[in-house]
Structure formats: C-alpha cells, structure tokens
Chemist: 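Input: one structure, supplied below.
The first residue in the sequence is number 1, and the count goes up from there.
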Amino acid sequence: MKKLLGFLLLVQSVLLSAEAMAQGLPAPSYWKNERGSELFVWSTNGGVLQGTFTNHAQGFACQGIPYPASGSVSPTGLYFVVTFAQCNSFTRWVGTIKGSQMPTSWTLFYVDSKGKPRKLKGADIFRRVW
C-alpha cells in the first residue's frame, strides 16, 4: 500500500515538474478557501511554489496539521501538491490567480480500506487574506 502511494507521488511529481517557471503569485501570502483550509505561500522563487497547507474541510481526515505544499507558478496558472503522510494520501490543486481569488480544481489520491488506489475530485476557491 505504501509502495503504491510512493509510486503515485513519484509519477505525479514527474508529470507536473515540466510546468510553469515564472512568478505570478505573491509571496509571502496567506489564502483561505470556502472550506476553511489555509494555504501559506512562503516563496515563489524561480516559479517554484513553497508553503504550507492546513486542512480544515469537514468530512476529511488529517485536519489541523500544517503539511508542506509545493508546486509551480506561471503567468497562466499554478499547481501545488500536498502529501498528507498520516492519512496515506495526497492532493493536487490546479488553478489560476484572479486578483485576490484563486479558483482551483483538486484531485485527492488515496488508498481505501481494501488497499485499492482511489481518487476524488472537487473544486475550491481560495481568497487572499493578506
């Protein structure tokens, strides 16, 4: 099960590493989505996004724990990935920056109780707090 999650993380990183090189997201900045989850963007040097993400979404595990967020930013969009190690899952957000809003779509990759890989999709709108 852990090998499968590791493999999925590796594949996801390789597929996304070719994207976006230029800055387009202010750093430092603090964003919050409609589910109450928080994204702190600490750096976007060279188009590489680094920060932390804290999940507060109702109905999802691994809440209240800041996890590293990493990704890429370009003039046309961004993506970031968070690995929720304690929950054996990771989520990828892909979106754009429109002023003080960041509409995104997300995909949660996880392993169910029977050991099968699964994914769940949704959308969030992050709003800049500062």
Chemist: With a 4.5 Å cut-off on side-chain heavy atoms, are Pro28 and Val41 touching?
Modeler: no

Chemist: Indicate the atoms forming the closest heavy-atom contact of Pro66 with Thr52, along with that distance.
Modeler: CB-CB, 4.5 Å

Chemist: Quick one: which of Gln63, Glu38, Arg35, Lys32 gives a side-chain hydrogen bond (donor to acceptor under 3.5 Å, both in side chains) with His56?
Modeler: Glu38

Chemist: Please assess Ile65 against Asn55 for the test side chain to side chain contact (heavy atoms under 4.5 Å, CB included), listing each intermediate value before the final yes or no.
Modeler: CA-CA 7 Å; Ile65 304 165; Asn55 174 36; over 6 Å; no

Chemist: To the nearest 0.5 Å, tell me how far Leu78 CG sits from Ser72 OG.
Modeler: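 So the gap between those two atoms works out to 8.5 Å.
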
Chemist: About how many Å separate CG of Leu39 and CE of Met102, when rounded to the nearest 0.5 Å?
Modeler: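 Here the interatomic distance stands at 5.5 Å.
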
Chemist: Got Phe109 and Val81 here, is their nearest side-chain heavy-atom distance under 4.5 Å?
Modeler: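 They are not in contact (no side-chain heavy atoms under 4.5 Å apart), so the answer is no.
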
Chemist: Identify which one of Ser74, Pro103, Pro75 satisfies the side chain to side chain contact (heavy atoms under 4.5 Å, CB included) criterion when paired with Thr96.
Modeler: Pro103

Chemist: If you look at every heavy atom in Phe90 and Thr83, which pair is closest and at what distance?
Modeler: CB-CA, 3.8 Å

Chemist: Determine, using ring centers only, whether Phe53 and Tyr67 are less than 6.0 Å apart.
Modeler: no

Chemist: So if you build clusters from Ile, Leu, Val, Met, Phe, Trp, Tyr with side-chain heavy-atom gaps below 4.5 Å, do Phe40 and Val82 land together?
Modeler: no

Chemist: Would you compute the distance between atom CG of Asp124 and atom CG of Asn33 and round it to the nearest 0.5 angstrom?
Modeler: 4.0 Å

Chemist: Roughly how far, to the nearest 0.5 Å, is CH2 of Trp42 from CD of Gln50?
Modeler: 12.0 Å

Chemist: Using 0.5 Å steps for rounding, measure from the OH atom of Tyr110 to the SG atom of Cys62.
Modeler: 14.0 Å

Chemist: Test Tyr79 against Val73 for side chain to side chain contact (heavy atoms under 4.5 Å, CB included), laying out the working first.
Modeler: CA-CA 7 Å; Tyr79 79 86; Val73 182; over 6 Å; no

Chemist: Quick check: is Leu25 connected to Val129 through a chain of hydrophobic side chains (ILVMFWY, heavy atoms under 4.5 Å apart)?
Modeler: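 No, no single cluster joins them.
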
Chemist: Hydrophobic clustering (ILVMFWY, side-chain heavy atoms < 4.5 Å, transitive) - are Leu49 and Tyr30 grouped together?
Modeler: no

Chemist: Just by distance, with hydrogens left out, do Trp93 and Thr91 show a side-chain donor and acceptor under 3.5 Å apart?
Modeler: no

Chemist: Restricting to non-hydrogen atoms, name the atom on Cys87 and the atom on Ala61 that form the minimum distance, rounded to 0.1 Å.
Modeler: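 Looking at all heavy atoms of both residues, the shortest contact is SG-CB, 3.6 Å.
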
Chemist: Of all heavy-atom pairs between Trp31 and Arg128, which one has the smallest distance, and what is that distance?
Modeler: CE3-N, 3.3 Å

Chemist: If I take atom NZ from residue Lys98 and atom CD1 from residue Ile125, how far apart are they, to the nearest 0.5 angstrom?
Modeler: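 Atom-to-atom, Lys98:NZ and Ile125:CD1 are 9.0 Å apart.
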
